[in-house]
Amino acid sequence: MTVELVLRILEGDRRALARLISLIEDDGPPAQAALATLYPHTGRAHVVGITGAPGTGKSTLVNELAKGFRQRGATVGIVAVDPTSPFTGGALLGDRVRMRDLAGDPGIFIRSMATRGSLGGLARATGDVVKVLDAAGFAVVLVETVGVGQAEVDIARTAHTTIVVEAPGLGDDVQALKAGLMEIADILVVNKADRPGAAQTARALEVALELGRNSAGPGKDAAWRPPVLKTVALDGSGVAEVLEAVAAHRAYLESSGLWSRRERERARADLTGALERELLARFVARVGETALEEWADRIARREADVYTAVRSLLMRTDSGGCG
Amino acid sequence: MRERLRVLIAKPGLDGHDRGAKVVARALRDAGMEVIYTGLRQTPEMIVEAALQEDVDAVGLSILSGAHMTLVPRVIQGLREAGLDHVRVFVGGIIPDEDVPALKEAGVEAVFGPGTSTQTIVEAVRRACGEG
Ligand code: B12
Ligand SMILES: Nc1nc2c(ncn2[C@@H]2O[C@H](COP(=O)(O)OP(=O)(O)OP(=O)(O)O)[C@@H](O)[C@H]2O)c(=O)[nH]1
Ligand SMILES: [Mg+2]
C-alpha cells in the first residue's frame, strides 16, 4: 500500500503526497517503508529555512519568495511549522493566512505542521517531510520554523541555506546579540523596512556579525559573509535581492564543497536521531512503560536520582544495553 | 485511526465577520485538534486545495454574509471532484433555519448558529470523525 502511495507521489499525485505526509507525522513502519523507497529520489531540492522571532514576517516573506522562485521557473514546496500546545496537544496553524497569493498554482504545495512536542523550532517529522517534497520533485523547499528565540536552531541542520528574519522595534541591540540565531544565519533579513528603525536594526546586525566573525572559531565558513538585506514583505520590495542572495549562497555551497559536507553532517544527525528514538522505543518495550513510570515517581520523590535510575534500568536487561 | 484530528477552518466569499471562525478554531485547538486556519476571502477552489494539501478530516465553513446557498455546495462538489469524499463538512454563522435541510441534503454534516456552545461543536466534530 505504501509502495503504491510512493509511485503515485513520483507521478505527481498531490493527494498521495498529502496522505504520506500525515503517515510520516504519525510515524510507524508504513511511513518508514515509504521513506526508504523514496530516499533514492531525494537530494535535488535546495532546502531553504526561514526562521526568526514571532511575528517578524516569516510567512509573508515565504509568500513573496515562493512567488519569486515561480517566476524564475522553479517549483516550490513549503512546510510551515507552528507550535503544539503543551497543555492540550492541539495546535492552531495559521501560516497559510499569509500565503493566499500562492493558491491555485500546481507548481506549489503548502503543508502546515504542528511541532507535537519537539522543542527545536521544527517538528520531529519536518526533516522527513522535506525529503518527501524533495522526492516529489520540488526544486526548492521552503521551511518556516515556529517563531523562535535563540535556542531553537534545528533548522540549520535541515536547510542548506538559513534565512534569519528580524524586524525593527524588537529591542534592536539586545536582539542582535541573540547569538544562537546569528550563528546559523546564512542570510539576514530586516523585514518591515517600511517601519522606523530598520536602518538601525540593520546596522546593529552588521556590527554583531563583525564581532561574531572576529571571535569565530575555525569551524566557521570564513569565505561566506552573511549579507544583511532589508525587505518589505508586504509589498515585495527587497525580495529580489534576497532571491539573489539565496542563489549566491547555493553557488557558494557547491563551489566550496560545503554542500556535500552539510549533506554528510545532516546524514549523521539523522542517523543518530533515528537511532536514539529507536533504541529508546525498544528499551521501553522491553522493560515496560510501568517500570519507567515507577522510576519517574521515585525521582520526583527524591528517593533516587536520574543516573541511579538509568543504571538500574539498564541492568535489568541482560546485555546491559538493548537490542 | 490517526494520532490527531486535523480540521480546516475557512471563511469563503467576501464576508469579513471572522470572530466566530476564530472562536471555533481556538475551541477545536483547545480540544486537542490541529486546526488549519486559512483566513478571509477564500474561494471554494482555494478551500478544496487547502483541504487536500493539509489532508484534513473535516472542513468548517463560517458564513455570516448570506451567501451560503451558493458557496457551500461549490465547496462540497469541489471536495468530491478532488476525491475527498471522506472529509466531513460543517457550517456555522448566520444560516436561516429553512436553508438547513437543503445544506444537509447537499452533504453538510451539521449547521451551527449564533450562541452555540463550543462544547457542542467540539463533540459534533469528534463524533463525525469517528472519535469520542
Ligand atoms: C460583530 C458584527 C460585525 C462586525 C464584525 C467584526 C469581525 N471582525 O468579525 C462588523 C462591525 C465589522 C460587522 C460588519 C458588517 N455586518 Co455584521 N454583525 C456582527 C454581529 C453583531 C455579531 C457577529 C459576531 O461576531 N458574533 C460572535 C461570534 C462568536 O458568533 P458567530 O459568528 O455567530 O459564531 C458562532 C456560531 O455562528 C457558530 N459558528 C460560526 N462559524 C462557524 C464555523 C464552524 C465551522 C462551526 C462549526 C460553527 C461556526 O459558532 C460560533 C460560536 O457559537 C452580527 C449579528 C449577530 N448577532 O450575529 C452582525 C451581522 C452578522 N452583520 C450583518 C451585516 C449585514 C454586516 C454588514 C454588511 C453591515 C453593513 N451594512 O456594513 C457589515 C459587513 C462586513 C463585512 N466585510 O463582511 C448581518 C448579516 C445579515 C445576513 N447575513 O443576512 C448581521 C446578522 C446583523 C443583522 N442582524 O443584520 N459586523
Ligand atoms: N509593516 C509591515 N508589516 C509586515 C511586513 N511583513 C509582514 N507584516 C505583518 O506582520 C504581521 C506578521 O506577519 P507574519 O508573516 O504572519 O509573521 P510570522 O513571522 O510568520 O509570524 P509567526 O509565524 O506567528 O511567527 C502580519 O500582520 C503581517 O501583515 C512588512 O514588511 N511591513
Ligand atoms: Mg508565520
Side-chain angles (χ1 to χ4, degrees), chain A residues 5 8 13-28 30-31 59-60 63 77-106 108-117 123-125 129 132-133 136, chain B residues 1-12 14 18 21-57 59-60 78-87 118 121-122 125-126 129 131:
Chain A
L5 212 54
R8 278 166 56 199
D13 181 337
R14 295 158 76 83
R15 194 151 60 87
L17 178 57
R19 220 28 247 137
L20 180 60
I21 293 176
S22 300
L23 285 178
I24 289 172
E25 286 196 281
D26 291 349
D27 209 2
S59 300
T60 316
N63 182 61
I78 298 172
V79 185
V81 188
D82 272 321
T84 293
S85 155
F87 305 108
T88 66
L92 194 49
L93 312 174
D95 293 317
R96 285 189 91 98
V97 173
R98 314 276 168 221
M99 302 183 193
R100 39 175 304 129
D101 295 349
L102 310 179
D105 180 347
I108 288 190
F109 189 98
I110 309 172
R111 181 63 176 240
S112 312
M113 272 184 103
T115 52
R116 296 194 182 179
R124 172 199 54 79
V129 170
V132 176
L133 290 168
Chain B
M1 183 86 280
R2 63 200 297 173
E3 209 169 284
R4 301 251 198 335
L5 285 182
R6 284 171 71 87
V7 182
L8 185 82
I9 297 292
K11 291 241 10 127
L14 302 176
D18 60 359
K22 285 180 174 164
V23 165
V24 171
R26 256 179 244 123
L28 296 177
R29 175 202 57 190
D30 292 343
M33 302 180 198
E34 290 183 351
V35 181
I36 297 100
Y37 182 63
T38 64
L40 297 170
R41 299 203 172 70
Q42 301 283 305
T43 64
E45 293 74 23
M46 289 161 91
I47 293 169
V48 170
E49 182 184 39
L52 185 145
Q53 294 177 351
E54 301 288 355
D55 189 30
V56 294
D57 305 283
V59 170
L79 288 172
R80 288 207 180 115
E81 284 167 7
L84 302 174
D85 311 71
H86 62 282
V87 175
T118 52
I121 293 169
V122 166
V125 173
R126 281 210 180 116
C129 298
E131 276 193 1

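Residue numbers begin at 1 in each chain, while the letters A, B, ... track the order of the sequences. What you see is a predicted model, and the numbers here were worked out from it, not measured in a lab.
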Taking it one step at a time, do B:E34 and A:M113 satisfy side-chain contact (heavy atoms from CB on, under 4.5 Å)? CA-CA 9 Å; B:E34 290 183 351; A:M113 272 184 103; over 6 Å; no
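Ranked by non-hydrogen atom pairs under 4.5 Å with chain A, the options B:T43, B:V7, B:D30, B:L28 are led by B:D30. Per-residue heavy-atom pair counts under 4.5 Å with chain B were compared for A:R98, A:R14, A:R100, and the maximum is reached by A:R100. In terms of heavy-atom pairs under 4.5 angstrom with chain B, the leader among A:A18, A:A91, A:G94 is A:A91.
A salt bridge is absent between A:E25 and B:R4: the closest approach of a Lys/Arg side-chain nitrogen to an acidic carboxylate oxygen does not fall below 4.0 angstrom.
Of the atoms belonging to B:A50, heavy atoms from both backbone and side chain fall under 4.5 Å from chain A. Looking at B:L40, the atoms closer than 4.5 Å to chain A (heavy atoms on both sides) all sit in the backbone: N, CA, C or O. For A:I78, no part sits under 4.5 Å from any heavy atom of chain B, backbone or side chain.
Across all their heavy atoms, A:R96 and B:I36 have their closest contact at CD-CG2, 3.7 Å. Heavy atoms only, all atoms of each residue included: A:A103 and B:M46 are closest at CB-CG, 3.6 Å. Shown here for A:L92 and B:R26, the closest heavy-atom pair between the two residues is CD2-CG, 4.2 Å. Scanning both residues, B:E54 and A:I110, for their nearest heavy atoms gives OE2-O, 3.8 Å.
Interatomic distance, B:D55 CG to A:S22 OG, rounded to the nearest 0.5 Å: 3.5 Å. Between B:L8 atom CG and A:L93 atom CG the span is 10.0 Å, to the nearest 0.5 Å.
Listed for the B:E49 side chain is a donor-acceptor partner under 3.5 Å among the backbone atoms of A:G104.
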